[in-house]
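First comes the structure, then the notes that go with it.
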Amino acid sequence: MRFSAAAAAVLAIPGVSANLHQLAVGAGKKFFGSATDNGELSDAAYLAILNDTKEFGQITPGNGQKWQFTEPSQGSFSYTAGDQIVNLAKANGQLVRCHTLVWHSQLPSWVSSGSWTKDQLTSIIQTHIANEVGHYKGQCYSWDVVNEAIDDSGVYRTSVFYNVLGTDFIPIAFKAAAAADPAAKLYYNDYNIEYSGAKHTRALEVVDIVQKAGARIDGVGLQAHFIVGSVASQSDLTNVLQSYIDAGVSEVSYTELDIRFSSLPASASGLQQQATDYSTVTKACLAVAECIGITIWDFTDKYSWIPSTFPGQGAALLYDENFSKKPAWTAVSSVLAAAATGVATATATTIATPSTTLATSVVPTSTKTTAAPATSTTASSSAAARWAQCGGKGWTGPTTCVSGSTCTYQNDYYSQCL
């Protein structure tokens, strides 16, 4: 594990405080970031935290860059929503993970309902990507080029793209993105590929398909929508991260991390378990040099997508609805601080309540951990934790689809336009 000697010197001083991105960079990572959406940017208290570059060094637009909004009718492009968030990040000096280009959901009906030949759909993909990536050229650290091409059983997901082009749509998209912005890092992004299993195996195949087609794929994004108490072991998480690097990508990242409660209110012991789970994910990223950072899927429970999709569930993020730091925030900051300084906090049964001052009671440990091979997977219940496609709590975007229907929550864990 790499860490900054300068950061170690500063952070080791008693009383010195630091925030998540500052600590992550000190630990050798590129960023600690948050997703956001346009509606919540009018909340001054929220915006003050999001704009704190010591806390968040990277931002992901949650919805505004998706096909539904960027090309609502064929050949008619609109970037207003995406631009608002990208411009905010640029003004702050924050990196942007741009999200997302080719995805089966949140498509305008002219794409999803069309009767396309292979040549026609190929051209549609190429034109869309050339325009959108071209518009943001030089502004995006990375793009989620293809999102969620694998279903929960580990087979390729039925979509207009797969139905017409088979898996060829994947390298077609990556080639188009590389041509439109050669400097941007290009990612495959998915959920339930964070631990060993059928989806993980298929995600490795996606990397292979892109490479064999002669296209460039730089990274794999692991969404990491988890459930409290059901996060896989640190060794399994670490081994899976490393497997993508071994497959030939140059970097990996946790791109949409949240860890939700399946029932509320959260108990004190539940908050401690959530803190432990967040620690486990953070440690897994720290154990793999090529894991460049962690993005949480918004930072406050006030604007989480989860309650809108799973009534009675939620409290998944590092800040509560009143913008107070939860035990999970303290856990993540403590793990990052230990990595940044090259030391580790003593093991404790209870994680302290949040503080802006780093703990100074530490004991030496090694600066890199090599995980042992995993023998089992324990995260089966996390398959249900998914992103709400029409926006989550606080979403102020359209609730009427292009086709005229309304956003509907479905049993496959997506709220989508029908």
Side-chain angles (χ1 to χ4, degrees), residues 19-21 32-64 81 84-85 88-89 92 94 97 99 223-228 254-268 270-275 277-278 281 294-333 351 353-356 384-399 407 409 413 415:
N19 299 89
L20 298 177
H21 175 68
F32 195 100
S34 176
T36 190
D37 229 329
N38 300 80
E40 52 235 44
L41 299 183
S42 61
D43 185 330
Y46 171 91
L47 195 58
I49 299 172
L50 184 70
N51 284 343
D52 182 355
T53 57
K54 292 182 180 179
E55 185 75 343
F56 300 118
Q58 174 270 317
I59 290 178
T60 301
N63 277 282
Q84 183 183 18
I85 292 171
L88 173 72
N92 292 336
Q94 294 161 310
R97 291 196 77 261
H99 174 82
Q223 292 180 13
H225 293 293
F226 292 134
I227 296 174
V228 172
Y254 288 116
T255 56
E256 304 182 16
L257 174 63
D258 52 28
I259 306 178
R260 67 182 174 94
F261 287 91
S262 57
S263 63
L264 294 173
S267 65
L271 290 170
Q272 295 300 325
Q273 181 62 53
Q274 184 184 56
D277 292 341
Y278 265 102
V281 178
I294 295 171
T295 305
I296 50 178
W297 206 240
D298 224 318
F299 65 85
T300 169
D301 295 335
K302 183 176 182 179
Y303 295 117
S304 173
W305 62 275
I306 291 168
S308 296
T309 310
F310 305 104
Q313 304 183 39
L317 296 164
L318 300 182
Y319 289 72
D320 69 16
E321 292 191 353
N322 298 313
F323 305 119
S324 295
K325 297 170 181 175
K326 294 158 67 173
W329 186 97
T330 303
V332 172
S333 64
I351 297 171
T353 54
S355 169
T356 57
R386 288 299 308 117
W387 168 236
Q389 306 312 326
C390 295
K393 184 176 181 182
W395 170 242
T396 59
T399 56
C407 298
Y409 301 128
Y413 315 131
S415 67

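Not measured: the values here are computed from a predicted model.
For the pair K325 and D320, the salt-bridge criterion is not met [side-chain N within less than 4.0 Å of a carboxylate O].
Side-chain contact between I59 and R97: absent, with no pair of heavy atoms (C-beta onward) separated by less than 4.5 Å. The shortest distance between side-chain heavy atoms of V332 and V281 does not fall below 4.5 Å. Residues F323 and D301 fail the side-chain proximity criterion, which asks for heavy atoms closer than 4.5 Å. You'll find the side chain of Y303 stays beyond 4.5 Å of the side chain of D37, heavy atoms only. Residues V228 and Q274 meet the side-chain proximity criterion, which asks for heavy atoms closer than 4.5 Å. Using a 4.5 Å cut-off on side-chain heavy atoms (C-beta onward), L47 and L50 make contact. Counting heavy atoms from C-beta on, the side chains of I296 and Y254 never come closer than 4.5 Å. At a threshold of 4.5 Å between non-hydrogen side-chain atoms, the residues L257 and Y278 count as touching.
Nearest approach of I306 to G314, heavy atoms of both residues: CG2-CA, 3.7 Å.
Side-chain contact of Y46 with E40: a donor-acceptor pair under 3.5 Å is present, judged by distance alone. Using modelled atom types and a 3.5 Å distance limit, the side chains of E256 and H225 yield a donor-acceptor pair.
Note: F226 CZ to I259 CD1 = 7.0 Å, rounded to the nearest 0.5 Å.
T60 contributes no side-chain N or O that, together with a main-chain N or O of G62, makes up a donor-acceptor pair within less than 3.5 Å. Side chain of E55 to backbone of L20: a donor-acceptor contact under 3.5 angstrom is found. Under the 3.5 Å distance criterion, the side-chain polar atoms of K302 are left unmatched by any main-chain donor or acceptor of N322.
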Step by step, work out the side chain to side chain contact (heavy atoms under 4.5 Å, CB included) result for F261 and L271.
CA-CA 9 Å; F261 287 91; L271 290 170; 4.0 Å; yes
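For the side chain to side chain donor-acceptor pair (under 3.5 Å) with N92, the lone residue among N51, D52, T53 that qualifies is N51.
Under the 30°/60° scheme for interplanar angles, the aromatic rings of H99 and W297 are found to stand perpendicular.
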